[in-house]
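Everything on this sheet refers to the single structure shown next.
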2 protein chains.
Amino acid sequence: MQKPFQINRAYKEVQQITVAVDCLIFGFNDGKLELLLVHRGFEPERDRWSLIGGFVLNEEDLDEAAHRVLSDLTGLDDVYMEQVRTFGKAHRDPYERVLSVTYSALVLKKDYNDELVKSYQAEWFPIDGLPELIFDHKDMVDSAMQRLRRRIKSGPVGFNLLPKKFTLPQLQKLYEAILGEEIDKRNFRKKLNSMDFLVKLDEKDKSESKKGAYLYELDEEKYNHIKNFNI
Amino acid sequence: MQKPFQINRAYKEVQQITVAVDCLIFGFNDGKLELLLVHRGFEPERDRWSLIGGFVLNEEDLDEAAHRVLSDLTGLDDVYMEQVRTFGKAHRDPYERVLSVTYSALVLKKDYNDELVKSYQAEWFPIDGLPELIFDHKDMVDSAMQRLRRRIKSGPVGFNLLPKKFTLPQLQKLYEAILGEEIDKRNFRKKLNSMDFLVKLDEKDKSESKKGAYLYELDEEKYNHIKNFNI
DNA sequence: TCAAAAAGTGTACAATAAACACTATTTTTT
DNA sequence: AAAAAATAGTGTTTATTGTACACTTTTTGA
């Protein structure tokens with residue numbers, strides 16, 4: 001049997017642990033969901049791919065740490081980002097104990113400063129064609145994907161992956177890429193229509209089809225007050 | 001601007017943080033959802049109430065730490081327990097930086113060793129009548145409740161709060177207590193029936209009503225293969 | 001024996017989800 | 001110049017699921 005609770009809980013000689021954040025930064029491009037990875041130019045695990053991560057500093061909130069790491073790598077601030085889960089197996093990092101809290105962000109790829117991304121040796125990979133990742137980073141991807149699938153069905157979060165103006169075929173492809181299944185376009189549009197937060201513009205986007213598709217944008221007011229988002 | 005990613009990421013002189021787990025142990029009694037709290041008999045915050053928590057040991061997986069803390073306090077092993085979220089504000093604990101990972105468990109109160117609970121000065125409180133809690137423990141309760149409400153609607157987890165044999169009125173009260181709303185009993189029973197994992201027994205339980213209600217138990221085989229649980 | 005308390009049971013209507021096929025526009029090919 | 005190819009756009013019908021709703025049964029205690 002273990003020592004009583006009170007003794008463990010005393011603020012004395014408690015073991016400390018290195019804490020990291022690892023960010024799952026999703027982008028959407030050419031009909032595919034992509035994930036931003038970094039090529040490690042340093043030991044250990046030099047030359048392998050990993051999630052974007054960094055250590056939590058002492059005077060820094062956990063959320064701040066995640067935003068700092070994201071900002072350092074991409075120059076993006078104010079990104080929709082949420083905690084996913086914490087990975088804490090004692091030996092998940094074979095070199096040293098590191099506890100890692102994962103965060104997930106949905107970003108618009110073109111908003112990136114490409115220079116910055118390049119200088120950090122970061123690269124986008126399609127989610128179904130990831131290279132081998134270090135440690136338990138594949139598990140992190142799986143858990144973030146699982147969460148993303150749930151979240152995108154029950155809340156209007158997917159729009160963070162699209163530009164301000166987007167077409168319905170683009171939006172549908174986004175959903176299909178994340179959910180991994182085909183969606184009937186009539187039913188899809190019907191649902192979106194019933195939620196009433198899309199504004200049809202008089203412009204068409206012809207970059208993705210011969211005929212061209214109407215562009216839409218969000219009605220910010222309505223978008224911020226959606227009650228029962230559901231796809 | 002922050003230092004480049006690579007430098008932060010080097011395994012050198014990284015700041016370490018004390019990591020705790022805090023457990024939200026829910027029980028169900030007399031139609032009320034309850035939460036197990038401990039009365040702190042030690043500094044800091046002596047004599048105030050807190051969640052059941054403890055520090056993560058160096059050679060211990062995070063999940064193990066949660067189970068150890070739960071086991072120490074209640075003698076219960078093999079409890080359905082899942083990670084909720086991680087609280088990491090730099091000053092959430094004003095005495096010292098402590099990162100806390102919360103876990104939530106649904107247990108059957110009577111399975112407890114009362115002696116053990118007493119010796120640890122633990123006590124059950126109805127969820128809507130909690131005392132003031134230390135630090136951000138109230139936020140932890142809120143976030144665990146939010147999650148519990150979601151989980152109980154989409155998966156058959158609530159049964160962990162009930163004995164092996166239970167009545168439908170008990171089960172319904174459990175759902176009402178957690179969801180905080182009344183449920184129509186005919187619709188409730190219809191749904192349960194359609195999922196087809198309850199076995200009606202020939203016994204009645206008369207402890208909670210004059211007429212007595214039929215006892216049910218889970219068909220373990222079917223229970224473990226429920227596809228679309230939904231209430 | 002009557003009243004009170006809780007258990008148990010079914011049906012009708014409303015809302016949501018799912019299945020399904022053709023026309024319109026433009027570009028490319030022949 | 002005509003035809004074929006590619007993709008956008010649009011409604012209706014049916015099935016499934018959710019919601020609203022009221023009375024009878026059993027037992028105990030007054």
Side-chain angles (χ1 to χ4, degrees), chain A residues 30-32 149-150 152-156 162-163 165-177 179-217 226-231, chain B residues 30-32 149-150 152-156 162-163 165-177 179-217 226-231:
Chain A
D30 197 24
K32 286 195 176 272
R149 290 205 183 94
R150 252 184 291 121
I152 207 177
K153 282 198 243 189
S154 61
L162 293 176
K165 299 177 181 180
F166 53 87
T167 67
L168 296 185
Q170 273 171 358
L171 183 61
Q172 183 173 341
K173 275 178 207 136
L174 168 60
Y175 271 83
E176 290 174 334
L179 298 177
E181 59 190 26
E182 297 207 337
I183 301 173
D184 180 282
K185 65 181 165 179
R186 286 166 292 188
N187 293 338
F188 183 73
R189 283 160 187 245
K190 205 190 309 168
K191 271 191 190 164
L192 285 166
N193 242 307
S194 73
M195 290 184 281
D196 188 41
F197 59 88
L198 292 183
V199 181
K200 186 175 186 172
L201 303 177
D202 263 343
E203 290 170 80
K204 280 195 171 186
D205 171 87
K206 298 209 172 189
S207 65
E208 302 196 20
S209 80
K210 294 164 183 176
K211 181 179 177 182
Y214 280 104
L215 285 164
Y216 286 75
E217 64 182 13
I226 298 174
K227 293 220 123 103
N228 296 314
F229 187 97
N230 177 285
I231 282 191
Chain B
D30 197 23
K32 287 196 173 271
R149 288 202 184 96
R150 252 186 290 119
I152 207 177
K153 281 198 240 188
S154 60
L162 293 177
K165 298 177 182 181
F166 53 87
T167 68
L168 295 185
Q170 274 171 358
L171 183 62
Q172 182 172 342
K173 274 177 208 139
L174 168 60
Y175 271 83
E176 290 175 335
L179 298 177
E181 58 191 27
E182 296 208 336
I183 301 173
D184 180 282
K185 65 181 165 179
R186 283 167 293 188
N187 294 339
F188 182 74
R189 284 160 187 245
K190 205 191 309 167
K191 271 193 191 163
L192 286 167
N193 242 309
S194 74
M195 289 184 282
D196 187 40
F197 61 86
L198 292 183
V199 181
K200 186 177 187 173
L201 303 177
D202 263 342
E203 291 169 78
K204 281 195 170 185
D205 171 86
K206 298 209 172 189
S207 65
E208 303 197 18
S209 80
K210 294 166 182 173
K211 182 180 175 183
Y214 279 104
L215 285 163
Y216 285 75
E217 64 183 13
I226 297 173
K227 292 217 123 103
N228 296 314
F229 187 98
N230 175 290
I231 280 192

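Keep in mind that the numbers below use all heavy atoms, side chains included, and drop hydrogens, waters and symmetry copies. All chains are named by letter (A, B, ...) in the order of the sequence lines, taking the proteins before the strands, and each is independently numbered beginning at 1. Small disclaimer: the values here were computed from a predicted structure and weren't measured.
- Ranked by how close their nearest DNA chain C nucleotide is to the 5' end, Y216(B) and K204(A) are led by Y216(B).
- Between the side chain of K211(B) and the base of dA7(C) there is at least one donor-acceptor pair of N/O atoms closer than 3.5 Å.
- To the nearest angstrom, C1' of dA17(C) lies 13 Å from CD of E181(A).
- A donor-acceptor contact under 3.5 Å is formed by the side chain of K185(A) with the base of dA8(D).
- A donor-acceptor pair under 3.5 Å is formed between the side chain of Q172(A) and the backbone N or O of I183(A).
- A donor-acceptor pair under 3.5 Å is absent between the side-chain atoms of Y175(A) and the main chain of E181(A), judged by distance alone.
- Counting non-hydrogen atoms under 4.0 angstrom, N230(B) reaches the backbone sugars and phosphates but no base.
- Residue N187(A) places no side-chain N or O under 4.0 Å from the OP1 or OP2 atom of dC20(C).
- For the pair K200(A) and Y214(A), the cation-pi test (distance below 6.0 Å, angle within 45°) is passed.
- When rounded to the nearest whole Å, the span between NZ of K206(A) and C1' of dA8(D) equals 11 Å.
- In this structure, G212(A) and K191(B) both approach DNA chain D, and ranking their closest nucleotides by distance from the 5' end singles out G212(A).
- Checking side-chain atoms of D184(A) against main-chain N and O of R186(A) turns up a donor-acceptor pair under 3.5 Å.
- The residue K200(B) sits close only to the backbone: its heavy atoms come under 4.0 Å of sugar-phosphate atoms, none of a base.
- You'll find a donor-acceptor pair under 3.5 Å spanning the side chain of K190(B) and the base of dT11(C), going by distance alone.
- Taking side-chain N and O atoms only, R189(B) has a distance below 4.0 Å to OP1 or OP2 of dG8(C).
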